[in-house]
Amino acid sequence: MKKFSVSLGAAALFLFSVGAGPADAISDSSKRSIGRGISLQANAWECNLWAKACDWKTSAKVYKGSKRQKMTWVKNVAQITGRGGSVSIGGSGTGVTGSGSAGTHSFEWTNKNAWMADLAGQARSGYLSMVWGIETCSHASTHHEYLGVKGTASACAG
């Protein structure tokens, strides 16, 4: 019995140290009707267990029924907040702008004449830092000039 508990503990430590795969993700999604049969969906995803790095993703997507709906613009603002010690948070992509303070960072992208805007990045803990997680939020907004439709939706994971 003692040998089994040591092996189980070693396996748990190994899984914690190598990071989490997609099956170990935390996610949230929110879909709001914004008029004329059009809905705006905000999605937030982050890893669950991590030691040194955690990937995050957010998206804003627009649908009319189950089909993609092209809009004048779709904007996604990702807000990533570190919990605990020192966390550096990065985002990537063409046209992505970002800002932040010690614990919270925001990244945004406005995609024109499109149906979606996705953002992704990574949070990394500092050396010898006791970080126990991040919170990933997606704040989505959109507008269709010709149809006169606009709206917002938000989702937070973590």
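For the numbers below, each heavy atom of this structure counts, side chains included, while hydrogens, waters and symmetry mates do not.
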Q. Side chains of Q79 and T104: donor-acceptor distance under 3.5 Å anywhere?
A. no
Q.
Please enumerate all residues that pass side chain to side chain contact (heavy atoms under 4.5 Å, CB included) together with S27, with sequence neighbours excluded.
A. W45
Q: State whether a side-chain donor-acceptor pair under 3.5 Å links T72 with H143.
A: no
Q) Looking only at heavy atoms, which two atoms of A114 and V74 are closest? And how far apart? A) O-CG2, 3.4 Å
**Q.** From CH2 (W115) to NZ (K67), nearest 0.5 Å
**A.** 14.0 Å
Q | CD on Q69 to CZ on R36, rounded to 0.5 Å | A | 11.0 Å
Q: Decide whether I80 and W109 are clustered together by the hydrophobic rule: side chain heavy atoms of Ile, Leu, Val, Met, Phe, Trp, Tyr closer than 4.5 Å, transitively.
A: yes
Q | For D55, side-chain hydrogen bond (donor to acceptor under 3.5 Å, both in side chains) partners two or more places apart | A | Q122
Q: Keeping the roles fixed (side chain from R32, backbone from T152), state whether a donor-acceptor pair exists under 3.5 Å.
A: yes
When the side chains of residues 56-64 are checked against the rest of the protein, which donor-acceptor pairs come out under 3.5 Å, sequence neighbours left out?
residue, atom, partner, partner atom, Å
W56, NE1, G90, O, 3.3
T58, OG1, N76, ND2, 3.0
S59, OG, N43, ND2, 2.8

Q: Give, for atom CZ of R68 and atom CE of M116, the distance between the pair rounded to the nearest 0.5 Å.
A: 8.0 Å
Q) Honestly curious: do I134 and L119 fall in one hydrophobic cluster under the side-chain, below-4.5 Å linking rule? A) yes
(Q) Determine whether I26 and E46 satisfy the following criterion, side chain to side chain contact (heavy atoms under 4.5 Å, CB included), listing intermediate values before the conclusion. (A) CA-CA 5 Å; I26 300 170; E46 66 187 47; 4.1 Å; yes
Q: With sequence neighbours left out, write down each residue that passes side-chain hydrogen bond (donor to acceptor under 3.5 Å, both in side chains) with S141, or none if nothing qualifies.
A: none
Q: Quick one: closest heavy-atom pair of A157 and A44, and the distance?
A: CB-O, 3.8 Å
(Q) So which atom in S30 and which in S154 form the shortest heavy-atom distance, rounded to 0.1 Å? (A) CB-O, 3.0 Å
Q | Pairs touching residues 135-152 that satisfy salt bridge (Lys or Arg N to Asp or Glu O under 4.0 Å), sequence neighbours left out | A | R83-E135
Q. Counting N and O atoms only, with roles assigned by atom type, does the side chain of N111 sit under 3.5 Å from a partner on the main chain of A117, one being a donor and the other an acceptor?
A. no
Q | Pairing residues for I34 by the side chain to side chain contact (heavy atoms under 4.5 Å, CB included) criterion, not counting sequence neighbours | A | I38, L40, M71, T142, V149
